[in-house]
Protein chains: 2
Amino acid sequence: MQLDSFDIAILVALQHDGSITNAALAEVVNLSASQCSRRRAALEQAGVIEGYSARLSAVKLGFGLRAIIRVNLSSHGQGKESDFARFVASQPQIRSAFSVSGDADYVLDIRARDLEAFADFVHRHLLPHPQVAQVRSEIVLKTLKDDAGVGPL
Amino acid sequence: MQLDSFDIAILVALQHDGSITNAALAEVVNLSASQCSRRRAALEQAGVIEGYSARLSAVKLGFGLRAIIRVNLSSHGQGKESDFARFVASQPQIRSAFSVSGDADYVLDIRARDLEAFADFVHRHLLPHPQVAQVRSEIVLKTLKDDAGVGPL
DNA sequence: CCCAGTTCGCAAGCATCGTGCATTCGCGGG
DNA sequence: CCCGCGAATGCACGATGCTTGCGAACTGGG
């Protein structure tokens, strides 16, 4: 799918405010509301827009702590890694998980209520996992930026 | 604000699909549409729901590469760190940035078109920054999980 | 037992959405 | 230069979904 400048403007507006009305969108991008509606539908159909989400306040919901954890597995390169993937999927505290190249095997983005809950997670769930060999944590002190954005559109 | 199980259910549904209608929401949480509407409004008013965003496909928009970068600053603990914060804000390729405790000072979440664009960013923008002393990168090979979710609700 | 405060579902009025249709714009062939 | 075709656009209208007033139901305290 080929995107023109109107599409880009629509995407930028929508990723900033997903509940904007087509009429308001029309004013921003200088198009009629019906066209905005059609282009939105096309972008959703094409999979450029994967969906919409509510942004929830982590602090107000009692998740004050965030951490980035680098994990090294022991059974390196074995097919059993899907086991770790299942573990990741089963832990709701793991917000994101990436298999990475570098000196770590995985990078996890963790949420927890507080430092105690975080330590509990690491020592009671993560470290005891049979494949986990090493865990190195960085605890988030301050969030400078946390865009939902996808990149420099 | 005190949240009951209905509110939690609404939040879970909304963070999964922010464009769900109140009628559909009503079926999921076993409430009337009007109550869902009222509770949504209250949750937005209280700041529990910060807003809504469209989830865009990074791949379809040409941002195939993602990386986690740990950065160490040279002028450690000085007031001039706001300079680095301004740098972070000015770089659209930096999706998220956290000041962390651990052996690194900052952790960045980076998007780029490809490996070349990523290397260009690191060597032409990040490393030349006067305060940056050390940069260690982990390039994302595979995303196991990438919840917009805020934690185990 | 009664009353006040809160929460609930219903229904009506209203804003928003999305499709049909006629028009315009841009481009390539004659 | 003109014509014709297809894509894109704006308008209008029917349909859908939102929201607020209202009376009923529930709850806790006196």
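Proteins come first, then strands; the chains are lettered A, B, ... in the order of their sequence lines, and each starts at number 1.
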Checklist line | Value in whole Å for how far the C1' atom of dC8(C) lies from CG of Asp7(B) | finding: 14 Å
Checklist line | Pairs involving residues 117-136 of chain A, ordered by first then second residue, that meet ring-ring contact (aromatic ring centres under 6.0 Å, His included) (sequence neighbours left out) | finding: Phe84(A)-His129(A), Phe87(A)-His129(A)
Notebook entry, point to check: Given atom OH of Tyr52(A) and atom P of dC17(C), what is their separation to the nearest angstrom?
Noted result: 11 Å
Next item on the list: Only counting residues at least two apart or in another chain, list the ones meeting side-chain contact (heavy atoms from CB on, under 4.5 Å) with Arg38(B).
Entry: Ser34(B), Gln35(B)
Checklist line | Sub-4.0 Å heavy-atom contacts from residues 29-43 of chain A onto DNA chain C, ordered by number | finding: Ser34(A), Ser37(A), Arg38(A)
Next item on the list: Anything under 4.0 Å to a heavy atom of chain A counts; send over the first and last such nucleotide of DNA chain D, read 5' to 3'.
Entry: dT9(D) to dC11(D)
Note to self: As a quick check of understanding, evaluate side-chain hydrogen bond (donor to acceptor under 3.5 Å, both in side chains) for Ser19(A) and Asp17(A), giving each step before the final call.
What the structure shows: CA-CA 6 Å; Ser19(A) 63; Asp17(A) 178 7; 3.0 Å; yes
Notebook entry, point to check: Are any side-chain N or O atoms of Ser57(B) and backbone N or O atoms of Ile49(A), one a donor and one an acceptor, separated by less than 3.5 Å?
Noted result: no
Next item on the list: Write out all pairs satisfying side chain to side chain donor-acceptor pair (under 3.5 Å) with one or both partners inside residues 42-53 of chain B, taking only residues at least two apart or from two chains.
Entry: Arg55(A)-Ser53(B), Glu44(B)-Tyr52(B)
Margin query: I need the CD1-C1' distance between Ile20(A) and dA15(C), as an integer number of Å.
Written below: 16 Å
Ignoring hydrogens and angles, write down the donor-acceptor pairs under 3.5 Å from the side chains of residues 141-153 of chain B, residues two or more places apart or on other chains.
| from | atom 1 | to | atom 2 | distance (Å) |
| --- | --- | --- | --- | --- |
| Lys145(B) | NZ | Val88(A) | O | 3.0 |
| Lys145(B) | NZ | Gln91(A) | O | 2.9 |
| Lys145(B) | NZ | Ile94(A) | O | 3.1 |
| Asp146(B) | OD1 | Ser96(A) | OG | 2.9 |
| Asp146(B) | OD2 | Arg66(B) | NH1 | 3.0 |

Note to self: Between P on dT7(C) and CD on Gln2(B), what's the gap in Å once rounded to a whole number?
What the structure shows: 12 Å
Margin query: How many whole angstroms separate atom CD of Gln45(A) from atom P of dT19(C)?
Written below: 12 Å
Check: Is the backbone N or O of Tyr106(A) less than 3.5 Å from a side-chain atom of Ser99(A), with the two atoms forming a donor-acceptor pair by type?
Finding: no
Margin query: Test of understanding: clusters of I, L, V, M, F, W, Y form through side-chain heavy atoms closer than 4.5 Å, transitively. Do Ile69(B) and Leu127(B) belong to the same one?
Written below: yes
